[in-house]
Amino acid sequence: MSFKRTLLGSAAGAAFAAGLALPASAQEDVAPINSGNVSLSVGFDVYSQYWFRGIDQGAEQRQGLQIQPYIDIAFDLWSYEDFSLAYYFGTWNSFTTAGDTGGNWYESDIYTGFSVGLPMSFAIDFGYTLLYNPSGGGTFSQEIYFGASYDDSGFWADNGIDQWSFGGFQPYVYVAYEAEGASDGTGSGQSDGTYVELGFEPGFELPFSPEDYPISFSIPVAFGFSLSDFYEFDNDGDGDFDDETFGFASVGLQFGVPLPFIPAEYGSWEATSGITFLFLADELADASGTGDDVAIYGNFGLSLSY
């Protein structure tokens, strides 16, 4: 499973690392098409592999293609000066082309939460996620999550640093508490684990991009940790599960380009692609189906925002 791309915009979403945002200069070229208080985001991503917070999801999730559609609806409820409040809900799904007949629909998540805008470009996000396995007929886990992010693009712009339309480092922290079930994949059956992710994603615009098709790119970096009982392993074979603190580190390169040939009244469209390098802790590498401590996977996607 993964927390995908929805948190305030990762695995994930990534004002919290989930999606690839265009730099401010590219956004200025897009005419506003929705001035209301309801916004919609829908699309799909295709990955060559699917890992969840450094946890191997099985051979079928490392073979074939992993097709991951999503839809997210947000409501702007209130704003005053530098404060704002929005409510959102949505669903994220993962299908594998390598599954047996009837077993291709690996995961279906439902989430809901609130995002709060704060002064000085800070924001917090909190909510609930149900992670469900349609093929297996059971729930992976239920999580309560909290995140905080800082949009530092204004700081760099105010100090005259705008080379390649630099959009800042966009640091974030994300915490998920397992209220029911467990997602560590170790078979321990333990719940009440707490996962913490720290990350940032500097973004730029390629200077040689066509004027109508500004190509943005970002470098998402993330570190996953167990705050309590998330990465659990029976290292001694005695039935007692040890909690490992460090889980993984990842670094990627993601590209995005708007699709202005689609009329603005049909929303704002973007195509994305990229590659991710995943570095696993020894325990996670040993528990995976490959035993390798490095995984490399690519992705491409298409999204609509309105």
Side-chain angles (χ1 to χ4, degrees), residues 1-23 26 41 43-57 61-70 92 94 96 107 109 147 149-153 164-174 176 195-207 209 214-225 246-258 270-281 284-285 288 290 292-303:
M1 291 102 15
S2 108
F3 195 75
K4 322 315 174 297
R5 45 179 305 139
T6 53
L7 286 181
L8 289 188
S10 97
F16 281 95
L20 179 62
L22 287 174
S41 178
F44 68 89
D45 295 294
V46 179
Y47 283 83
S48 60
Q49 297 183 28
Y50 175 28
W51 297 72
F52 172 60
R53 299 172 186 167
I55 300 170
D56 174 40
Q57 297 299 289
Q61 315 309 315
R62 288 181 273 102
Q63 301 170 0
L65 295 176
Q66 315 307 317
I67 304 169
Q68 300 174 343
Y70 60 89
W92 179 96
S94 185
T96 177
E107 184 175 348
D109 300 347
S149 66
Y150 171 54
D151 180 1
D152 60 328
S153 58
W164 290 20
S165 300
F166 177 53
F169 288 94
Q170 304 296 318
Y172 71 92
V173 57
Y174 167 66
Y195 168 79
V196 177
E197 182 173 309
L198 305 175
F200 57 92
E201 186 171 1
F204 308 84
E205 181 183 314
L206 293 179
S209 301
I215 301 174
S216 63
F217 75 95
S218 66
I219 307 172
V221 177
F223 303 90
F225 302 91
F246 176 70
F248 74 91
S250 67
V251 60
L253 184 60
Q254 296 291 323
F255 294 89
V257 61
E270 183 184 21
T272 58
S273 65
I275 188 171
T276 299
F277 298 85
L278 179 67
F279 304 92
L280 303 172
L284 285 179
S288 74
T290 67
D292 298 330
D293 55 7
V294 178
I296 303 173
Y297 52 88
N299 65 279
F300 68 88
L302 184 68
S303 64

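Hydrogens, waters and symmetry mates play no part in the numbers below; they use all other heavy atoms, side chains included.
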Q: Parallel, tilted or perpendicular for Trp164 and Phe204, by the 30°/60° rule?
A: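 Perpendicular.
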Q: Counting C-beta onward and ignoring hydrogens, is there a side-chain heavy-atom pair between Ile55 and Leu284 closer than 4.5 Å?
A: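 Ile55 reaches Leu284 side chain to side chain.
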Q: To the nearest 0.5 angstrom, please state how far the CG atom of Asp45 sits from the CG atom of Leu65.
A: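 The distance works out to 12.5 Å.
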Q: Atom CD in Gln68, atom CD in Glu107: separation rounded to 0.5 Å?
A: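 The CD atom of Gln68 sits 8.0 Å away from the CD atom of Glu107.
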Q: Hey, mind stepping through Ile219 and Leu253 against side-chain contact (heavy atoms from CB on, under 4.5 Å) and telling me if it holds?
A: CA-CA 5 Å; Ile219 307 172; Leu253 184 60; 4.1 Å; yes
Q: Quick one: CZ on Phe277 to OG on Ser250, what's the gap to the nearest 0.5 Å?
A: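 Atom-to-atom, Phe277:CZ and Ser250:OG are 11.5 Å apart.
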Q: Just how far is it from atom CG of Leu278 to atom CG of Asp292, taken to the nearest 0.5 Å?
A: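 Rounded to the nearest 0.5 Å, the CG-CG separation comes out at 11.0 Å.
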Q: Any side-chain donor-acceptor pair under 3.5 Å between Gln61 and Tyr47?
A: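 There is no such pair between these side chains.
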Q: Considering all heavy atoms of both residues, which atom of Glu270 and which atom of Gly256 are nearest to each other, and what is their separation?
A: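 Heavy atoms of Glu270 and Gly256 come nearest at OE2-CA, 3.7 Å.
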Q: Is there a donor-acceptor pair closer than 3.5 Å between any side-chain N or O of Asp152 and the backbone N or O of Gln170?
A: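 Checked: pair present.
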Q: Suppose we screen for side chain to side chain donor-acceptor pair (under 3.5 Å). Which residues come up paired with Thr276, at least two apart in sequence or across chains?
A: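 Testing Thr276 for side chain to side chain donor-acceptor pair (under 3.5 Å), a comparison that skips the adjacent residues, returns none.
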Q: Testing the basics here: between Gly167 and Ser153, what is the closest heavy-atom pair and its distance to 0.1 Å?
A: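 The pair with the smallest heavy-atom distance is O-CB, 3.2 Å.
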Q: Taking it one step at a time, do Gln57 and Ser94 satisfy side-chain contact (heavy atoms from CB on, under 4.5 Å)?
A: CA-CA 12 Å; Gln57 297 299 289; Ser94 185; over 6 Å; no
Q: My understanding is that only residues two or more places apart in sequence, or in another chain, count here; which of them pass ring-ring contact (aromatic ring centres under 6.0 Å, His included) with Phe246?
A: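 Here the qualifying residues are Phe225.
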Q: Of all heavy-atom pairs between Ile275 and Asn299, which one has the smallest distance, and what is that distance?
A: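 Shortest heavy-atom separation between Ile275 and Asn299 comes out as N-OD1, 3.9 Å.
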Q: Classify the ring geometry between Phe44 and Phe300 as parallel (under 30°), tilted (30 to 60°) or perpendicular (over 60°).
A: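 If you compare the ring of Phe44 with that of Phe300, the planes turn out perpendicular.
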Q: Closest heavy-atom contact between Leu206 and Phe255?
A: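 Closest approach of Leu206 to Phe255, heavy atoms only: CD1-CE2, 4.4 Å.
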Q: Mind listing the closest non-hydrogen atom pair of Ala249 and Phe223 along with its distance?
A: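 Smallest heavy-atom distance, with atoms named: CB-CD2, 3.7 Å.
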Q: Where is the tightest heavy-atom contact between Ala295 and Gln49, given as atom of each residue plus distance?
A: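 Answer, listing the atom of Ala295 first, then Gln49: CB-OE1, 4.2 Å.
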Q: Could you state the interatomic distance from OH (Tyr50) to OG1 (Thr96), rounded to the nearest 0.5 Å?
A: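 Rounded to the nearest 0.5 Å, the OH-OG1 separation comes out at 11.5 Å.
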Q: Roughly how far, to the nearest 0.5 Å, is the OG atom of Ser149 from the CD atom of Glu201?
A: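 Here the interatomic distance stands at 12.0 Å.
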Q: Go through the structure and list residues passing side chain to side chain donor-acceptor pair (under 3.5 Å) with Ser209, not counting sequence neighbours.
A: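 Ser209 satisfies side chain to side chain donor-acceptor pair (under 3.5 Å) with no residue once adjacent residues are dropped.
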Q: Strictly under 6.0 Å, is that where the ring centroids of Phe169 and Tyr172 end up?
A: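 Not under 6.0 Å, so no.
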Q: Using atom types as modelled and distance alone, determine if a side-chain donor or acceptor of Asp293 lies under 3.5 Å from a backbone N or O of Ala285.
A: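 It does not hold such a pair.
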Q: Would you say Arg62 and Ser288 make side-chain contact, with heavy atoms under 4.5 Å?
A: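 The answer is no; the side chains never approach within 4.5 Å.
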Q: Could you walk me through whether Phe248 and Glu197 pass the side-chain contact (heavy atoms from CB on, under 4.5 Å) test, one step at a time?
A: CA-CA 10 Å; Phe248 74 91; Glu197 182 173 309; 4.1 Å; yes
